[in-house]
Amino acid sequence: MPELPEVEVLARHLRPLVKNKTIRAVEVRRARVIRPTSERTLKNTLTGAELISLERRGKYLIFKLHKPGRREPVKLLGHLGMTGRMFLAPKNAALPKHAAVVLDLGRERFVFEDTRYFGRFTLDVSSLAKLGPEPLSKEFSAKHLARELAKSRQPIKVKLLDQSLVAGVGNIYASEALFRARISPLSPANKLTSAQNLRLVKTIRQVLAEAIRFGSTVPLNHGQTGDSDGLFYFGRAEGAPDYYEERLKVYDRAGRSCRRCGHAIKRIVQAARSTFYCPRCQPRLRLSA
DNA sequence: CACCATGTTCCTTG
DNA sequence: CCAAGGAACATGGT
């Protein structure tokens, strides 16, 4: 589920649900997701702590907790990896097969489940220091982009996945933003014109903001089984428009016709990830005058 | 069996 | 030291 919009929507959903709740017990079912924190340390630190706030940074969730006897707040970092989910469930509800960490909150449980276990739920917050600016903040500007891109000859699509350039853009929205900016994903980063940099900043913001808006409108249901639970984008809530079908213009549309010009959407592989684009709307070479 | 999947990190190579 | 490329991680869907 996770790129910035999905994580933002999740944060908005969870925030009121976890606020002021006290963690009674911690169950670690898959130690890999808490590394490098040890199970003992996680349990000692979280047990008895009260959830104070929940923030998002890039694709990370930052839980701040108050641990009695400690002056400084405890920070807990969550990341959904490729397949992670977080939700609250009644205590008697069955846990999903790949529940990785379960927090006992008294009346209910907080569950972090992750099929592939690429996600994180850890006290180690060092990853945050490597992140670039938030794409929806003023720090993310054409000037910032230009300065950073000038240092790299990597294809622009590959650079957009670099979290130290801008935090939160992933494989889906990278393709989407480039399509809207009409920039070829193959363009070397340092070859973008200033006009292109400006357009790219705008379309990245636009694509992410639109996805948040859409996700926030869909009624969220974080049950554990069934098709439309916990999925804001990839499931389809009854009667709700399907984001995948209607909002994404190029992602996963290889061979289908471009919504703008009708040309066939192309799929290529860059840095071992799929990239989708319209070769006509996003020409590789600029026509010289 | 083959290939694909919303992500990050580690290791190697130049 | 840095940039860039590729493998690894792990499970499931088609």
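Chain A is the first sequence line, chain B the second, and so forth, proteins listed ahead of strands; every chain is numbered from 1.
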When you check the phosphate oxygens OP1 and OP2 of B:dG7, does a side-chain N or O of A:R120 lie under 4.0 Å from one of them? no

Grab the CD-P distance between A:E3 and B:dA5 for me, whole Å please. 13 Å

Closest heavy-atom pair and its distance - A:L54, A:R15: O-NE, 2.7 Å

Of A:R153 and A:A272, whose nearest nucleotide on DNA chain C comes first from the 5' end? A:R153

Separation of the P atoms in C:dA10 and B:dC11, to the nearest angstrom: 15 Å

Begin from the C-alpha positions of A:Y173 and A:I204 and carry the test side chain to side chain contact (heavy atoms under 4.5 Å, CB included) through to its verdict. CA-CA 8 Å; A:Y173 299 112; A:I204 287 171; over 6 Å; no

A:D114 CG - B:dT6 P separation (whole Å): 15 Å

For the P atoms, the ones on B:dC4 and on C:dG6, what distance do you get once it is rounded to whole angstrom? 15 Å

Rounded to whole angstroms, how far apart are CZ on A:R116 and C1' on B:dT6? 9 Å

Can you get from A:L145 to A:L192 by hopping between Ile, Leu, Val, Met, Phe, Trp and Tyr side chains that sit under 4.5 Å apart? yes

Do A:V18 and A:L103 have side chains that approach each other closer than 4.5 Å (heavy atoms only, starting at C-beta)? no

Counting the atoms with a prime plus P, OP1 and OP2 as sugar-phosphate, which does A:K59 contact under 4.0 Å by heavy atoms, base, sugar-phosphate, or nothing? sugar-phosphate

Output the distance between atom CG (A:N197) and atom CD1 (A:I156), rounded to the nearest 0.5 Å. 7.5 Å

Roughly how far apart are A:E148 CD and A:D162 CG, rounded to 0.5 Å? 8.5 Å

Around atom CZ of A:R153, are there more than 12 heavy atoms of other residues, nucleotides or ligands at under 6.0 Å? no

Anything below 3.5 Å on both distances counts as a pair; with that, list the stems of at least three consecutive Watson-Crick or G-U pairs involving DNA chain C. B:2-5 with C:11-14, B:7-14 with C:2-9

When we call it a touch if two heavy atoms are under 4.0 Å apart, what does A:R35 touch: a base, just sugar-phosphate, or nothing? nothing

Applying a 4.0 Å non-hydrogen cut-off, can you work out what A:F118 is touching in the nucleic acid: base, sugar-phosphate, or nothing? base

Atom pair distance, as rounded to whole Å: CG in A:L165 and P in B:dT8: 13 Å

A:D252 has an atom CG; how far is it from atom P of B:dC4, in whole Å? 12 Å

Look at the side-chain N and O atoms of A:Q163 and state whether any lies under 4.0 Å from the OP1 or OP2 oxygen of B:dT8. yes

Would you indicate what A:S127 reaches in the nucleic acid, counting non-hydrogen atoms under 4.0 angstrom: base, sugar-phosphate, or nothing? sugar-phosphate

Nearest-Å distance once atom P is located in both C:dA4 and B:dT6: 22 Å

Roughly how many Å is it from CG in A:L61 to P in B:dT6, rounded to a whole number? 20 Å

Scan A:K159 against the nucleic acid and name what it touches under 4.0 Å (heavy atoms): base, sugar-phosphate only, or nothing. nothing

Please give, in whole Å, the distance from B:dG7 C1' to A:L128 CG? 15 Å

Could you state the atom-to-atom distance from CG of A:L77 to P of B:dT8 in whole Å? 11 Å

Starting from the C-alpha separation in whole Å, work towards a yes-or-no answer on side chain to side chain contact (heavy atoms under 4.5 Å, CB included) for A:R120 and A:L77. CA-CA 7 Å; A:R120 283 295 164 87; A:L77 200 63; over 6 Å; no

Shortest non-hydrogen contact between A:V9 and A:G215, atoms and distance: CG1-O, 3.8 Å

First and last nucleotide of DNA chain C, 5' to 3', lying under 4.0 Å from heavy atoms of chain A: C:dA4 to C:dG12

Quickly, which of A:R260, A:R259, A:R180 forms a side chain to side chain contact (heavy atoms under 4.5 Å, CB included) with A:C281? Name it, please. A:R260

Which listed nucleotide (B:dA5, B:dG7, B:dT8) is nearest to the side chain of A:N171? B:dG7

